[in-house]
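Structure first, then comments.
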Amino acid sequence: MSIFNSMNISASALTAQRLRMDIIASNIANANTTRATFENGKWMPYQRKMVSFSPQAPSFKNYLNAALGRSSVPGEGVKATQIVQDKSPFKQVYNPGHPDADENGFVLMPNVDVLKEMVDLISATRSYEASVTAFNASKSMALKALEIGR
């Protein structure tokens, strides 16, 4: 196991949580966007996006070392596999004066719940902070190990 392995794992978590925060910010920014895509001759509202994560697959080197009994197969962090759109239905709001209102006066609004996005944003922020703390702990341990050699 390399001295930088724990730092690489923390860095992958920082990258993943940063992407998650960017997607949440995009969702909040488009919470009232009624004309996001043009489909079948009709404007459709913005659709909420989410990030899915998966663990990074261990490398061949790690499997070989595990087979030789030198170490177990450690994790190698996390990666964002895809950005998926939320398939929940759009909200219908009665607003006959809106330019996108249908003949009954209803407007399709994005399926973004700002409160839910804020909870997700706080969760992503806390995960980001925990990864920064883990990275700093790894860095200080490496620096202390270098001081032993002096």
* Asked: To the nearest 0.5 Å, how far apart are CG in Leu108 and CG in Asp102?
  ->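 Reported value, rounded in 0.5 Å steps: 7.5 Å.
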Would you say [X]'s side chain and [Y]'s backbone share a donor-acceptor pair under 3.5 angstrom?
X      : Y      : value
Ser10  : Met7   : no
Lys139 : Ala134 : no
Thr34  : Met109 : no

Report task. Might you work through the side chain to side chain contact (heavy atoms under 4.5 Å, CB included) test for Leu14 and Val132, ending with a clear yes or no? Result -> CA-CA 7 Å; Leu14 289 171; Val132 167; 3.5 Å; yes
(request) Show the numbers, then the answer: is there a side chain to side chain contact (heavy atoms under 4.5 Å, CB included) between Met50 and Asp86? (result) CA-CA 7 Å; Met50 300 175 292; Asp86 188 359; 4.1 Å; yes
Grab the two heavy atoms, one from Phe53 and one from Ala80, that are nearest each other, plus how far apart they are.
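Scanning both residues, the minimum pair turns out to be CD2-CA, 3.8 Å.
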Taking all non-hydrogen atoms of both residues into account, name the closest pair between Phe90 and Met44 and its distance.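 That would be CE1-CE, 3.8 Å.
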Checklist entry - Do the charged groups of Asp100 and Arg35 touch, with an N to O distance under 4.0 Å? => result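 A salt bridge links Asp100 with Arg35.
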- Item | Pair Asp120 + Lys116: basic N to acidic O under 4.0 Å |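 So Asp120 does not pair with Lys116 through a salt bridge.
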message = Hydrogens and angles aside, do Tyr46 and Asn111 bring a side-chain donor and acceptor to less than 3.5 Å of each other?
response =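 Result is no, nothing qualifies.
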Does Asp22 have more than 12 heavy atoms from other residues, nucleotides or ligands lying within 6.0 Å of its CG?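 Yes, the 6.0 Å shell around CG holds more than 12 heavy atoms from other groups.
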